[in-house]
Amino acid sequence: MENPDIASVFLEIADLLELKGAEIFRVRSYRNAAVVVEGLPESLKALYAQGGEAALKGIPGIGESTRGRIIEMLQTGGCALHAELLAEVSPGMLDVIKVSGLGPKKAASLHEKLGIKDLNGLEEAAAKGLIRELPGFGKVSEEKILRGVKELKSRARVFTRSYAAHVAVSYAAYLKEGAGISDIAAAGSFRRWKETVGDLDILAACQDQPSVMERFVQYPDVKEVLSKGGTKSSVVLKSGLQVDIRAIEKKSFGAALQYFTGSKAHNVALRERAKKMGLKLSEYGVFSEKDGSWLAGEKEEDVYAAVGLPYIAPELRENRGEIEAALEGRLPALLKRSDIRGDLHVHTTESDGTNSLEEMAEAAMKLGYEYMAVTDHSKAVGIARGLDEARILSQMNVIDEFNERLKRQKKKFIVLKSSEVDIRADGTLDHSETVLRKLDIVVASVHSGFNMKEEEMTGRVIKAVRTGFIDIIGHPTGRLLGEREPFHMDMASVMDEAKKYGTALELNSSPERLDLNDSHCMLAKERGVLVAVSTDAHSTRHFGNIEYGVHTAMRGWLEKKDILNARPLASLLRILKKRRQGR
DNA sequence: GCCGTTTTCGGCCCGACTGTTTTCAGTCG
């Protein structure tokens, strides 16, 4: 069992306990433990294998009881409490509480009074008009349940951040046309740059809040209005994306932005801190507990300052130690877009790219880059017209000539001869040593045999690293968000080996990949492995994706010094040369 | 179930909206 598996068991335990009517704080502990486990950079399995129970101590939010259950799951692959609860509560009820408007109390009442066990039973009872007869329910809620079930059965759960970005821009422009809005921002997981978003939160500072609500629900793409109040409303768009809005006075914009950016765990920690300081923190501002006087709220910075903290970047707000770090003055000086000096993963028309070497180089120069590595595929990736030995040798000549031309034109830019070499199933590389030795930089990636067992895949990649030829491991887990799960590989072992050989790991910035993810970045930093933030650009348009990589790196607490391609050219070449001498 | 610069017991973030109620519980973020 890996961290996500353990987290989902904890989430289900929380839901099941809640359905049983267990004490809410016990429920919350399991829910919190799930969030903590999900966000851990280290694999619990690996930690436990190395250090036993002692290695699992000191994780905030994981106490004696949940630690015991984690160990149980690691040892047996299951959890007795979870199994017991599933036997007691109909598993189908886990779906019932996901219906919008239904929580544990109402679900339990439906179960008790009508014998409802799952979504289908719920739908049937609602269709027959049985639900409206129950105390606490009525005709309106019955109809809402019916719609909710249909919605749940059809809706895609998560959206890529890039889609949400598109909606955010259009919606904001539309709302502003209605006038009277002084500030508008998208908050939530979107602002924290999570790789996927469940819904979009919009915050608007304005005088006439009801009229903004009115305009909000009139947006042409709205399929359904979930709720509409004087300051807060929710809609579902035709695409299925839920959008929430909150209108607020300018005076409270910073506090509201802080609040609606989350994460929930970060906010709870912040509010607890405020409370201990004799303050009250809400979306309206920071108030004195004593006399209720308003202390701060117009700017986010002011809110943090009022609770005695420096500003914490949204990317860090996951309650993964950022508040403690802020208190102790050890917040990272996060990587910035402008720190990136070049792109080390770029395709051209020679393999499966859509722009030529010249066009890609032009685009990279326009971004102010100093270098770009051309990393066309090797022959194993036939579908992408991978290069065989003759073709890559000829490409090297073309690049040499191109660089000569740049030099004559006094351009401060260089194209690095490279390849995205396939790591074959047996861990060998898909170019000969002769070719590999001639390249300036080598990116190596797995493109086949994704279904290997963990030990096999780990062995495969480690064997490739041990050839000593790999400068960067490309998209290390092979995942495609919403399409393909990451393959099974012991990341910590791979990183330890990479560290020995001076090999960096790529953070592939494609919004569908983001591979490494944020937790892996934290792990890389801890293990002392450099990260290359690259775009894997297959066209000039893709260079802009670097933004996604940079923000993911920020979520992983990475700084300029942790990034291979934040080095100026001379320094990059020094690192590569030193690595080659060591092989 | 977790946790400790008020605490090893007794707390545990804060507020809006909805639908069903006549003052609020449940749900949601």
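All of these numbers come straight from a predicted model, not from anything done at the bench. Reminder, nothing fancy here: chain letters follow the sequence lines and each chain counts from 1. Computed over heavy atoms, backbone and side chain alike; hydrogens, waters and symmetry mates excluded.
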Rounding to an integer number of Å, can you tell me how far A:M213 CE sits from B:dC17 P?
8 Å
In whole Å, I'd like the distance from the CZ atom of A:R132 to the P atom of B:dG19.
15 Å
Return yes if some donor-acceptor pair links the side-chain N/O of A:T552 with the main-chain N/O of A:Y548 below 3.5 Å, else return no.
yes
Could you give the CZ-to-C1' distance, from A:R69 to B:dC2, as a whole number of Å?
14 Å
Can you say whether the rings of A:Y174 and A:Y219 are parallel (under 30°), tilted (30 to 60°) or perpendicular (over 60°)?
perpendicular
Mind checking the P distance from B:dG4 to B:dC13? Whole angstroms is fine.
14 Å
Whole-Å distance, A:K57 NZ to B:dC3 P, equals 13 Å
Considering all heavy atoms, the nearest A:A185-A:L257 contact:
CB-CD1, 4.0 Å
Euclidean distance for P, B:dC9 against B:dC14 (whole angstrom):
25 Å
Atom CD1 in A:I6, atom CE in A:M1: separation rounded to 0.5 Å?
6.0 Å
Contacts under 3.5 Å, N or O only, protein and nucleotides 8-12 of chain B:
from: B:dC12; atom 1: OP1; to: A:K275; atom 2: NZ; distance (Å): 2.9

Would you say the side-chain atoms of A:S252 pair up with the backbone N or O of A:I248, donor to acceptor, closer than 3.5 Å?
no
Taking the side chain from A:R555 and the backbone from A:R192, do they hold a donor-acceptor pair closer than 3.5 Å?
yes
Rounded to the nearest 0.5 Å, how far apart are CZ of A:R132 and CD of A:E143?
6.5 Å
Scoring nucleotides 21-29 of chain B by protein non-hydrogen atoms under 4.0 Å (B base, S sugar-phosphate only, - none) yields S----SSSB
With rounding to the closest Å, how many angstrom separate the P atoms on B:dT6 and B:dC12?
15 Å
Using a heavy-atom cut-off of 4.0 Å across all strands, would you classify A:G230 as base, sugar-phosphate, or nothing?
sugar-phosphate
Sticking with atom C1', work out how far B:dG11 lies from B:dA16, rounded to a whole angstrom.
25 Å
When we call it a touch if two heavy atoms are under 4.0 Å apart, what does A:L281 touch: a base, just sugar-phosphate, or nothing?
sugar-phosphate
With P as the reference atom in both, quote the distance from B:dG10 to B:dG15 in angstrom, rounded to an integer.
26 Å
Mind running a 4.0 Å heavy-atom check of residues 291-305 of chain A against DNA chain B and sending the residues that fall below it, in number order?
none
Looking at every heavy atom in both A:K106 and A:G101, which two are closest together, and how far apart are they?
CD-O, 4.0 Å
Mind checking the C1' distance from B:dT20 to B:dT27? Whole angstroms is fine.
14 Å
Does the plane of the ring in A:Y311 sit parallel, tilted or perpendicular to the ring in A:Y304? Use 30° and 60° as the thresholds.
perpendicular
Touch check for A:R31, heavy atoms < 4.0 angstrom, all strands: base, sugar-phosphate only, or nothing?
nothing
